[in-house]
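Taking it in order: structure first as structure tokens, then the write-up.
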Amino acid sequence: MPAKYNEYKDKIGEIIIGYYQREHNENIYVDLGKVEGVLPKKYQSAREEYEKNDRIKALIVDIKRTQSGLQLVLSRTDPDFVKSILELEVPEIGEKIVGIHKIVREAGYRTKIAVYSNKEDVDPVGACVGLKGVRIQNVIRELEGEKIDVLNYSEDPRIFIKNALSPAEVEKVIILDADKKEALAVVNDTQFSLAIGKQGQNVRLANKLCDWSIDVKPEAQ
């Protein structure tokens with residue numbers, strides 16, 4: 001058992017593929033070959049439903065010793081899960097040409113990814129999206145159709161906040177208090193609901209991504 005434990009403890013943070021075995025108390029048990037995996041309810045995306053023998057790709061987040069042996073705890077909601085899938089699709093990330101600044105996500109609904117380039121002639125968003133969107137479509141497919149915004153990171157908070165509120169077009173960003181990280185984003189009246197997002201989701205994720213408190217107001221106000 002210790003040998004097997006050591007073999008898997010180094011795999012925390014890696015992607016593994018297994019097959020749906022059974023469900024118990026809303027937790028999904030996954031056949032991983034040599035060991036069993038469990039995908040707890042809290043680590044399942046709201047979009048996903050599984051049937052017997054469905055293929056499941058997930059991130060290893062923990063290892064548990066159980067009476068029957070080792071069990072790998074899996075997640076499909078972790079932002080690192082998106083990161084790992086993106087790395088598989090975008091060779092420029094592995095080559096350190098494109099870097100990921102931060103990923104935030106409300107699993108099953110929307111993910112925002114802030115990227116930057118270490119080479120002036122490489123567009124980091126373009127590299128992640130791919131020709132005709134093929135790379136990002138593969139990531140979206142793996143996430144069962146979750147919305148993904150890939151945007152440019154900037155050290156200038158005004159630019160970063162503006163980018164983070166995509167897909168909405170932001171007219172201007174006003175820094176209210178730099179120390180408290182409070183900002184106001186002004187948008188055209190037609191862009192207001194898009195900037196806020198469904199149940200406030202877009203602005204909530206932008207807040208998390210930038211680590212700023214962003215207030216969105218339409219121009220009329």
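Looking only at distances, no side-chain donor or acceptor of Asp78 sits under 3.5 Å from a matching main-chain atom of Leu59. Between the side chain of Ser117 and the main chain of Val122, a donor-acceptor pair closer than 3.5 Å is present. In terms of modelled atom types and a separation under 3.5 Å, the side chain of Glu106 and the main chain of Arg204 share no donor-acceptor contact. With hydrogens and angles disregarded, a donor-acceptor distance shorter than 3.5 Å links the side chain of Asn27 to the backbone of Lys41. Proximity of a side-chain donor or acceptor of Asp54 to a complementary backbone N or O of Glu51 within less than 3.5 Å is detected.
Scored by the salt bridge (Lys or Arg N to Asp or Glu O under 4.0 Å) test, Lys102 finds no partners at all (sequence neighbours excluded). Applying the ring pair (Phe, Tyr, Trp, His ring centres under 6.0 Å) test to Tyr153 and every residue at least two apart in sequence or in another chain returns His101, Phe160.
No side-chain heavy atom of Gln71 sits less than 4.5 Å from a side-chain heavy atom of Val35. A 4.5 Å side-chain heavy-atom check between Val73 and Ile63 finds every atom pair outside the cut-off. In this structure, the side chains of Glu48 and Gln44 stay at 4.5 Å or more apart for every pair of heavy atoms. Put simply, the side chain of Val139 reaches to within 4.5 Å of the side chain of Ile148, judged on heavy atoms. Residues Asp189 and Glu219 form a side-chain contact, since some pair of their non-hydrogen atoms from C-beta on lies under 4.5 Å apart. Inter-residue side-chain proximity for Val61 and Leu74 is flagged as unmet; no heavy-atom pair is nearer than 4.5 Å. Counting only heavy atoms from C-beta outward, the side chains of Gln21 and Glu36 approach each other to under 4.5 Å. Ile56 has its side chain within reach of Tyr50: a pair of non-hydrogen atoms, C-beta onward, lies under 4.5 Å apart.
Distance CD1/Ile97 to CG/Asn118: 8.5 Å, rounded to 0.5 Å. For the atom pair CG of Asn6 and NZ of Lys11, the computed distance is 12.0 Å after rounding to the nearest 0.5 Å. Atom CD1 of residue Ile140 and atom CD1 of residue Ile85 lie 11.5 Å apart, to the nearest 0.5 angstrom. Rounding to the nearest 0.5 Å gives a distance of 9.0 Å between CG of Asp156 and CD1 of Ile161. Here the straight-line distance linking atom NZ of Lys83 with atom CD1 of Ile15 works out to 11.0 Å at 0.5 Å rounding. Interatomic distance, Leu151 CG to Lys162 NZ, rounded to the nearest 0.5 Å: 13.5 Å.
When every heavy atom of Leu165 is checked against every heavy atom of Ala185, the shortest pair comes out as CD1-CB, 3.6 Å. When all heavy atoms of Arg55 and Lys57 are compared, the closest pair comes out as NH2-CE, 3.8 Å.
Alongside Leu194, the hydrophobic cluster contains no other residue (criterion: ILVMFWY side chains under 4.5 Å).
Side-chain atoms of Asn202 and Lys112 include a donor-acceptor pair closer than 3.5 Å. Side chains of Glu89 and Asn138: a donor on one and an acceptor on the other come within 3.5 Å. A donor-acceptor contact under 3.5 angstrom links the side chains of Asn188 and Thr190, judged on distance only. Checking Glu146 against Thr111 by side-chain atom types alone, a donor-acceptor pair falls below 3.5 Å.
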### Task
Apply side-chain contact (heavy atoms from CB on, under 4.5 Å) to the pair Val30 and Val38, showing each step before the final yes or no.
CA-CA 6 Å; Val30 184; Val38 61; over 6 Å; no
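Put simply, Ile93 and Leu88 are part of two different groups of oily side chains (I, L, V, M, F, W, Y) that touch within less than 4.5 Å, one to the next. When hydrophobic clusters are built by joining Ile, Leu, Val, Met, Phe, Trp and Tyr residues whose side-chain heavy atoms come closer than 4.5 Å, directly or via intermediates, Ile103 is grouped together with Ile12. With hydrophobic clusters built from ILVMFWY side chains whose heavy atoms lie under 4.5 angstrom apart, Val129 shares a cluster with Ile113. Residues Ile28 and Ile16 are members of one and the same hydrophobic cluster, defined by side-chain heavy-atom contacts under 4.5 angstrom among Ile, Leu, Val, Met, Phe, Trp and Tyr. Each of Val104 and Leu86 belongs to its own hydrophobic cluster when Ile, Leu, Val, Met, Phe, Trp and Tyr are linked at side-chain heavy-atom distances under 4.5 angstrom.
No cation-pi contact links Arg76 to Phe81, judged by a cut-off of 6.0 Å to the six-membered ring centre and 45° from its axis.
A salt bridge links Glu7 with Lys34: the closest approach of a Lys/Arg side-chain nitrogen to an acidic carboxylate oxygen falls below 4.0 angstrom.
Heavy atoms from other residues, nucleotides or ligands lying under 6.0 Å from OH of Tyr109 number 12 at most.
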Can I get a per-line list of side-chain donor-acceptor pairs under 3.5 Å for residues 166-179, giving both atom names and the distance, sequence neighbours left out?
from: Ser166; atom 1: OG; to: Asn163; atom 2: O; distance (Å): 3.1
from: Asp177; atom 1: OD1; to: Asp179; atom 2: N; distance (Å): 3.0
from: Asp177; atom 1: OD1; to: Lys180; atom 2: N; distance (Å): 3.1

Please tabulate, for side-chain N and O atoms in residues 205-216, each donor-acceptor pair with protein atoms closer than 3.5 Å (sequence neighbours left out).
from: Asn207; atom 1: OD1; to: Ile214; atom 2: N; distance (Å): 2.6
from: Asn207; atom 1: ND2; to: Val203; atom 2: O; distance (Å): 3.2
from: Asp215; atom 1: OD2; to: Lys217; atom 2: NZ; distance (Å): 2.8

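Applying the ring-ring contact (aromatic ring centres under 6.0 Å, His included) test to every pair with at least one member in residues 7-26, sequence neighbours left out, gives no pairs at all.
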